[in-house]
Amino acid sequence: MPRYYFHVCDGTQDIDEQGHELADDLAARREAVHYCCGLLGDDPDLLLADENLRINVTAEDGHLRFAIVLNAISVDWQPGTRAENQRLTDTQR
């Protein structure tokens, strides 16, 4: 069975060194969803602290197979350029 690695990016990076043997990509996707839900269930602030959470799932060869990306959007968000939105976020801190 192929081995998949689940790397967490939430403002920092938590690299999965062990991985899990799973039947195929679909099984790895399901595991990534369970893993993500478990992380947020244990610590909801993971998403709220940086307003995003990403789990990169790679295969044994190191290539990205897919990613789960969650974003928390502030109610103060307004359409604009990325720089404008970052400036608004920085001034609110």
Side-chain angles (χ1 to χ4, degrees):
M1 277 201 282
R3 183 170 292 273
Y4 294 88
Y5 298 86
F6 300 83
H7 311 295
V8 178
C9 305
D10 63 343
T12 63
Q13 288 192 5
D14 182 13
I15 304 300
D16 179 4
E17 299 286 342
Q18 295 181 334
H20 297 345
E21 286 186 352
L22 298 162
D24 54 23
D25 283 2
L26 181 58
R29 283 178 187 253
R30 287 187 176 126
E31 182 63 27
V33 171
H34 285 289
Y35 182 48
C36 184
C37 291
L39 287 173
L40 291 174
D42 290 343
D43 185 6
D45 288 335
L46 272 177
L47 179 60
L48 301 177
D50 293 312
E51 296 185 340
N52 64 60
L53 173 65
R54 179 179 175 125
I55 298 175
N56 290 331
V57 180
T58 60
E60 289 177 282
D61 60 8
H63 287 103
L64 181 68
R65 301 301 291 166
F66 55 89
I68 292 178
V69 180
L70 290 148
N71 293 305
I73 306 298
S74 172
V75 295
D76 297 334
W77 181 86
Q78 296 292 320
T81 67
R82 183 180 201 119
E84 289 170 342
N85 290 336
Q86 184 61 48
R87 191 175 63 250
L88 285 173
T89 301
D90 291 344
T91 60
Q92 293 172 353
R93 289 182 185 174

- Message: If I compare all heavy atoms of A28 with all of L22, which pair ends up nearest, and what's the gap?
- Response: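 Nearest heavy atoms, A28 then L22: CA-CD1, 3.6 Å.
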
- Item | Heavy-atom closest pair, residues A23 and A27 |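 Closest approach of A23 to A27, heavy atoms only: N-CB, 4.1 Å.
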
Rounded to the nearest 0.5 Å, what's the gap from [atom1] on [X] to [atom2] on [Y]? Could you check?
X   : Y   : atom1 : atom2 : value
C37 : D42 : SG    : CG    : 11.0 Å
H34 : R29 : NE2   : CZ    : 14.0 Å
L40 : Y35 : CG    : OH    : 11.0 Å
H7  : I55 : NE2   : CD1   : 11.0 Å
L70 : R54 : CG    : CZ    : 11.5 Å

- Query: Are F6 and V8 in one and the same hydrophobic cluster, where Ile, Leu, Val, Met, Phe, Trp and Tyr link if side-chain heavy atoms are under 4.5 Å apart?
  - Reply: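 Yes; V8 is reachable from F6 via cluster members.
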
- Do F66 and I15 share a hydrophobic cluster, counting only Ile, Leu, Val, Met, Phe, Trp and Tyr and linking them when any side-chain heavy atoms are less than 4.5 Å apart?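 As far as the 4.5 Å side-chain criterion goes, I15 and F66 are not connected within one cluster.
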
- Message: Would the distance check show the side chain of H20 and the main-chain N or O of Y4 forming a donor-acceptor pair, the cut-off being under 3.5 Å?
- Response: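 No: the side chain of H20 does not pair with the backbone of Y4.
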
- Item | Check: R65 side chain, Y5 main-chain N or O, donor-acceptor pair, under 3.5 Å |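 Not a single qualifying donor-acceptor pair exists.
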
- Query: Side chains of V33 and I68: closer than 4.5 Å at any heavy-atom pair?
  - Reply: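 They are in contact (side-chain heavy atoms under 4.5 Å apart), so the answer is yes.
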
